[in-house]
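From a predicted model like this one, the values you see are computed outputs, not experimental measurements.
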Amino acid sequence: MSQDQIVIRLKDGTEKTVPKGITISEIASRISAGLARQAVAGKVNGKVIELSRAIEIDSAVEILTLDDDDGLEVYRHTAAHVLAQAVYRLYPETKFAIGPVIENGFYYDFADHAFTLDEFPAIEAEMKAIIKADYPVVRKVITREEALTFFAERNDRFKIEIIQDLSVDQTLTIYSQGEFTDLCRGPHLPSTGRIKAFKLLSLAGAYWRGDANREQLTRIYATAFSKASQLETYLKFLDEMKERDHRRIGKELKLFTLAHEVGAGLPIWLPNGAKVRRAIERYIVDLEESLGYEHVYTPVLGSVELYKISGHWEHYHEDMFPPMRIENEEFVLRPMNCPHHMMVYKSEPRSYRDLPLRIAELGMMHRFEMSGTLAGLQRVRAMTLNDAHLFCTPDQIQAEFSRVIKLIQRVYRDFSITDFSYRLSLRDPANTEKYVANDGMWNKAENMLRQALDDLGLPYTEAEGEAAFYGPKLDVQVKTALGKEETLSTVQLDFHLPERFELEYIGEDGKPHRPVVIHRGIVSTMERMVAFLIENYKGAFPLWLAPIQARILSVTDYQKEYVEEIVDLLRERGVRTEADVRQEKIGYKIRAAQLDKIPYMLVIGAKEMESRQVAVRDRVAGDIGEMALDEFVQKVVAEISARGSGELA
RNA sequence: GCCAGCGUAGCUCAGAUGGUAGAGCAACUGACUUGUAAUCAGUAGGUCGCAGGUUCGAUUCCUGUCGCUGGCUCCA
């Protein structure tokens, strides 16, 4: 092969010999004219680069189109630059921070101009003009000095800080389109005209570099799609997600209420919500007791001294309600149940024969959350956690951990929760003062968790800075109706609290040893769990969780007594039942029951009363015909105890 | 807490470039005794979040404040 030829391997595995220095777009043209038209970028040896970039060595080459996630990312990234250019034209005083691509869109952070929503139409119009002008996007490698000079001239403090923070050997590139130039790693579309559909979505404050102590910038959220129809579909999808919002459904179905007279973040559980919560509480307590957990009750108040021992006072102070002083002693509302459970352990001398000791509680806690973060039942200031602390010997950690994972999997199956992921939450290495100091302990705990996860073969991601102050944890992450990720279940390995509380057990050797504690929450706090379930089920709870499981509808007044008899019978058998004997047409009552998402409606007319039958209507399947009353009772009782996955309406 | 937006009957929403407000559903009353997603008629319900200011006059304009929503920090 001649010196000026190289070999490229394409996505389908075929190899091509091409001239050295060939560009990505030339390769695309050689493959097909259609691909050349659709190409937005290339991927060479795993790295995404512009179509205009040349290849000098043998490489694996992939042509990216908007059907590839990487291609769409390039597209949105260029859209972010178009947004910045439009802002630069309209409000030249604006300074530019960063404009990354995020899931489903992108944003750009600006400073020195106070944006309002009213300006969106003008910005969008300018963006359209920039797209129409079809400016080529030109990449240029520059030196650190050139870059610093350039952005100093533009007076852009953010870009200068970014450049100064990059390592000296980092190659710097700038991208220009028309009169606008931005510091950027790239890659980008060949020209602005390639953008077809975009929309500015919202405005938000965001701290520079995510640090609340630094300048607050204005962030514009936006999205872009390859086709207008896709954008439409996405916007419609956002609207539909809002229909799932637990705050909306919680109001409609009278599950809970929030009143400012009571206080922000302090929810009131209305009868319907309380029924759901009680069903969950019964379920989890029974299940835990069957697995050897021991449930206790402990007070929601605790002496400040208790939290000084635990370390909460030192590390968690700011998240707690301030102390109240009484008879020369200070008390706080507890933000976590762990210290009380430590005292359960300490209530008597322990032997290795007592371990593992699994202390559980539906423990109510209060945390001072900033007002701006509160949201329905999802983020509150008073919450009840499905908490437990497993006290065990070091040898038992592995087995206990895996029992907890199995419990999580069992519970998620019973609740039909399928969309979740595991996250190993680690200490933030850059901010160690947030955590209790003991590097040996941290490393040991992190390694043990990682080992346990690998042994179980669970897929997981790692997240720095998400650990509890006293130790690393495994979190189970789910998504809310608005697409935000949140933690539902958590398992934490703790070598710290046993130390602070000087916990001991007498080992086989007759000597005292220190136990290890595993903190775990399975069904989360009752508040967050119910919020999540409302969204997951769109308010249509499966039978075993539904606040009202059956509603008995009379066709006329004359069936009133039989209806009451059925209600009494079902209630006696533990079925949450109510009557609708209003003087309304049956269609009206059925519609009302459907809107209330009640799993079973029993239609009772003269016929049914005569034959002691019930006409059963299923929330999803509709009219499923008549059956004997006893037969229905058996059916519904069996289905409740089977905890059927429920029809996701 | 910070940035932006919003705040009209129980709920969902109209409305006037300043002359004290409407609809549907829900509620209540009456008639209809009704067969698988809305029977008809009537009644009642709001100092237009709250407090100041401008004005002859404000719910509409201005300021402050409270609440809610989205986001940031935080987080079960």
| note | Distance col, row A/Y422:OH vs A/Y460:OH, nearest 0.5 angstrom, shows 13.0 Å
| field | Under-3.5 Å donor-acceptor pair between A/E608 side chain and B/rG35 base | value | yes
| Nucleic acid footprint by protein, nucleotides 38-47 of chain B - heavy-atom cut-off 4.0 Å, B for base, S for sugar-phosphate alone | BB--------
| Under 3.5 Å donor-acceptor pair, A/S524 side-chain atoms to B/rA76 base atoms | no
| Which distance, rounded to the nearest 0.5 Å, do you find between the SG of A/C338 and the NE2 of A/H519? | 5.0 Å
| message | Categorize A/L385 for me: base, sugar-phosphate, or nothing, with a 4.0 angstrom heavy-atom threshold over every strand shown. | response | nothing
| Does NZ or CZ of A/R76 fall inside the cone over A/F225's six-membered ring, less than 6.0 Å from its centre and within 45° of the axis? | yes
| message | Near RNA chain B, counting only heavy atoms under 4.0 Å, which residues of residues 262-273 of chain A show up? | response | none
| Relative to the 5' end of RNA chain B, which residue comes earlier, A/V380 or A/A114, by the nucleotide with the nearest heavy atom? | A/A114
| Test side-chain hydrogen bond (donor to acceptor under 3.5 Å, both in side chains) applied to A/W442 - qualifying residues, sequence neighbours left out | none
| Hey, does A/Q378 reach any base, or is it just sugar-phosphate, or nothing, if we go heavy atoms under 4.0 Å? | base
| Duplex segments of RNA chain B, taken as runs of at least three Watson-Crick or G-U pairs that stay under 3.5 Å | B:1-7 with B:66-72, B:10-13 with B:22-25, B:27-31 with B:39-43, B:49-53 with B:61-65
| Have A/K473 and A/T487 got a donor and an acceptor in their side chains that come within less than 3.5 Å? | no
| query | Contact class for A/K473 (heavy atom, under 4.0 Å): base, sugar-phosphate, or nothing? | reply | sugar-phosphate
| task | For A/Y221, report the nucleic acid contact type (base, sugar-phosphate, nothing); a contact means any heavy atom under 4.0 Å. | result | sugar-phosphate
| request: Looking at every strand, decide which applies to A/R219 at a 4.0 Å heavy-atom threshold: base, sugar-phosphate, or nothing. | output: sugar-phosphate
| request: Establish whether the base of B/rG1 is bridged to the side chain of A/Y207 by a donor-acceptor pair shorter than 3.5 Å. | output: yes
| task | Scan A/A204 against the nucleic acid and name what it touches under 4.0 Å (heavy atoms): base, sugar-phosphate only, or nothing. | result | base
| task | State which residues pass side chain to side chain contact (heavy atoms under 4.5 Å, CB included) with A/A80; sequence neighbours excluded, sorted by chain then number. | result | A/F106, A/Y108
| message | Any N or O donor-acceptor pair under 3.5 Å from the base of B/rC74 to the side chain of A/R379? | response | yes
| query | A/E369: what forms a side chain to side chain contact (heavy atoms under 4.5 Å, CB included) with it, not counting sequence neighbours? | reply | A/R367, A/T373, A/L374, A/R379, A/R381
| Interatomic spacing from CD1 in A/I98 to CZ in A/F110 - rounded to 0.5 Å | 11.5 Å
| message | Within the 4.0 Å heavy-atom criterion, would you say A/T487 contacts the bases, only the backbone, or no part of the nucleic acid? | response | sugar-phosphate
| query | Contact class for A/R367 (heavy atom, under 4.0 Å): base, sugar-phosphate, or nothing? | reply | base
